[in-house]
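Structure first, commentary second.
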Amino acid sequence: MTTELPDPIRAFDDAQRRAIAMLKDVRGRLEAGMSERDVVELAETRLDTHGFDRWYHAPEVRIGPGAGGGGLLYRPSSRTKLEPGMLIGIDLGPATDTAYGDIGFTLCFGADEPKVVKVARENVRACCGYASRWKTVGEIFIFAQAWAVNNRMVLAGESAVGHRVLPKEGFLATGFPRSAHAATLLPSNRIHKLYPIRMKGMFAIRPAVKHGELSAAFEEIIWIQDEHRKVLGRDDEDEIGVF
């Protein structure tokens with residue numbers, strides 16, 4: 001890892017650091033009886049507190065067995081309520097006009113976490129440790145899939161385990177950062193199986209793991225440039241998945 005970050009990586013590292021603080025802030029304000037919509041609205045109230053003024057993507061909150069998510073269609077519910085022992089997944093993408101963060105976790109509210117949460121955390125840690133300039137994007141997907149299978153689980157999102165994090169450059173400068181988020185839907189910007197391009201740049205890694213009806217996921221951003229690599233927003237890779 002390196003501590004000397006070039007522009008615009010430095011701005012993304014700062015944004016991710018503040019996004020992590022924001023996620024911790026939201027976690028500390030969770031209460032029994034909150035709905036997914038309530039938690040989304042809570043996150044929206046904390047946006048400017050952490051130095052952001054817009055969203056890369058709107059807050060995503062899932063309460064219940066499928067907290068790890070999966071699929072592109074999402075709408076927060078006002079009916080599902082948070083209760084002790086339930087899983088809740090939160091994914092935040094706060095932004096400014098120059099950079100954004102993308103961070104997420106799954107936790108078991110008010111109770112010990114089940115194995116699927118532990119495996120999801122270990123999976124993203126392992127993927128970040130495995131990623132380097134010598135690995136292809138497709139190898140990260142295969143590695144995440146194998147990690148889940150070796151723990152007798154499967155990937156909840158079978159098509160991809162993350163995406164590129166795109167800076168404000170070229171045509172993405174128009175409508176940034178939403179333009180950057182829209183561009184991650186292109187296959188060339190997804191971390192999927194059939195992609196033999198070596199890793200270079202910033203990537204959000206989010207291997208969602210499923211065990212029976214339960215799913216969980218943690219998300220981190222890693223930057224790779226030649227021999228340099230860093231998990232953005234973190235001082236040490238031991239902090240990956242820790243909130």
Side-chain angles (χ1 to χ4, degrees), residues 1-3 5-30 39-62 68-69 74 88-107 120-121 124-125 127-128 131 160-169 172-173 175-185 189-191 201-208 217-225 229-237 239-243:
M1 297 176 71
T2 180
T3 55
L5 299 177
D7 291 327
I9 310 305
R10 187 183 301 109
F12 277 84
D13 181 64
D14 175 67
Q16 183 73 345
R17 195 172 300 274
R18 288 184 287 112
I20 292 170
M22 182 179 174
L23 187 57
K24 292 178 181 178
D25 183 0
V26 171
R27 174 179 179 169
R29 297 171 186 272
L30 295 177
V39 181
V40 167
E41 292 176 354
L42 167 62
E44 290 171 343
T45 68
R46 309 309 298 164
L47 189 65
D48 61 352
T49 303
H50 294 275
F52 299 104
D53 60 4
R54 65 198 69 189
W55 293 101
Y56 164 65
H57 68 73
E60 297 181 8
V61 179
R62 294 178 173 86
Y74 163 76
I88 177 171
I90 304 176
D91 186 349
L92 300 181
T96 66
D97 65 344
T98 57
Y100 52 87
D102 199 358
I103 189 73
F105 67 35
T106 303
L107 64 86
R121 182 186 296 108
V124 75
R125 284 182 171 182
C127 285
C128 288
V161 294
H163 55 81
R164 288 186 181 275
V165 172
L166 302 166
K168 188 177 182 179
E169 297 176 349
L172 295 181
F176 187 87
R178 289 301 185 117
S179 57
H181 185 254
T184 63
L185 300 179
N189 291 324
R190 308 290 288 172
I191 302 178
M202 295 181 287
F203 297 84
I205 299 180
R206 186 184 183 275
F218 290 79
E219 184 171 29
E220 301 278 346
I221 294 178
I222 190 167
W223 168 66
I224 295 172
Q225 181 69 43
R229 62 190 302 278
K230 178 176 173 58
V231 179
L232 299 189
R234 303 294 196 178
D235 294 321
D236 190 279
E237 291 193 8
E239 298 176 354
I240 294 171
V242 175
F243 297 93

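The figures that follow rest on heavy atoms only: side chains count, while hydrogens, waters and symmetry mates do not.
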Note, [X] side chain near [Y] side chain (heavy atom, < 4.5 Å):
| X | Y | result |
| --- | --- | --- |
| Glu220 | Ile103 | yes |
| Leu166 | Tyr100 | yes |
| Leu232 | Ile9 | yes |
| Trp223 | Pro6 | yes |
| Ile90 | Phe105 | yes |
| Met202 | Asp13 | no |
| Ile205 | Cys128 | yes |
| Phe12 | Val165 | yes |

* Asked: Can you list the steps and then say if Met22 with Leu47 is a side-chain contact (heavy atoms from CB on, under 4.5 Å)?
  -> CA-CA 8 Å; Met22 182 179 174; Leu47 189 65; 4.1 Å; yes
Would you give the length of the straight line joining atom [atom1] of [X] to atom [atom2] of [Y], rounded to the nearest 0.5 angstrom?
| X | Y | atom1 | atom2 | answer |
| --- | --- | --- | --- | --- |
| Thr96 | Lys168 | OG1 | NZ | 8.0 Å |
| Glu44 | Leu92 | CD | CG | 10.5 Å |
| Leu172 | His181 | CG | NE2 | 12.5 Å |
| Arg206 | His163 | CZ | NE2 | 9.0 Å |

For the student: nearest non-hydrogen atoms of [X] and [Y], plus distance:
| X | Y | result |
| --- | --- | --- |
| Gly101 | Ala15 | N-CB, 4.0 Å |
| Thr184 | Arg190 | O-CD, 2.6 Å |
| Ala131 | Ile222 | CB-CD1, 4.1 Å |

Which atom pairs, donor and acceptor, lie under 3.5 Å between side-chain atoms of residues 52-61 and protein residues at least two apart or in another chain?
{"unit_1": "His57", "atom_1": "NE2", "unit_2": "Asp91", "atom_2": "OD1", "d": "3.3"}
{"unit_1": "His57", "atom_1": "NE2", "unit_2": "Asp102", "atom_2": "OD1", "d": "3.0"}
{"unit_1": "Glu60", "atom_1": "OE1", "unit_2": "Arg62", "atom_2": "NH1", "d": "3.4"}

* **side-chain contact (heavy atoms from CB on, under 4.5 Å) between Leu42 and Thr45, intermediate numbers included** => CA-CA 5 Å; Leu42 167 62; Thr45 68; 4.0 Å; yes
* Asked: Under the salt bridge (charged side-chain N to carboxylate O under 4.0 Å, His left out) test, which residues partner Arg178, sequence neighbours left out?
  -> none
* To do: Before giving the answer on side-chain contact (heavy atoms from CB on, under 4.5 Å), spell out for Ile191 and Phe203 the whole-Å C-alpha distance, their side-chain angles and the decisive distance to 0.1 Å.
  => CA-CA 8 Å; Ile191 302 178; Phe203 297 84; 4.1 Å; yes
* Report the C-alpha separation of His50 and Lys24 in whole Å, then their side-chain angles, then the decisive distance to 0.1 Å, and conclude whether the side-chain contact (heavy atoms from CB on, under 4.5 Å) test is met. => CA-CA 11 Å; His50 294 275; Lys24 292 178 181 178; over 6 Å; no
* To do: Show your working on salt bridge (Lys or Arg N to Asp or Glu O under 4.0 Å) between Asp14 and Arg10 and close with a plain yes or no.
  => CA-CA 6 Å; Asp14 175 67; Arg10 187 183 301 109; over 6 Å; no
* **Stacked cation flag Arg27 on Phe243, 6.0 angstrom / 45 deg** => no
* Is Asp235 salt-bridged to Arg17, cutoff N-O under 4.0 Å? ->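 So Asp235 pairs with Arg17 through a salt bridge.
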* Ignoring hydrogens and geometry, is there a side-chain-to-backbone donor-acceptor pair from Thr106 to Ala217 under 3.5 Å? ->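 Present.
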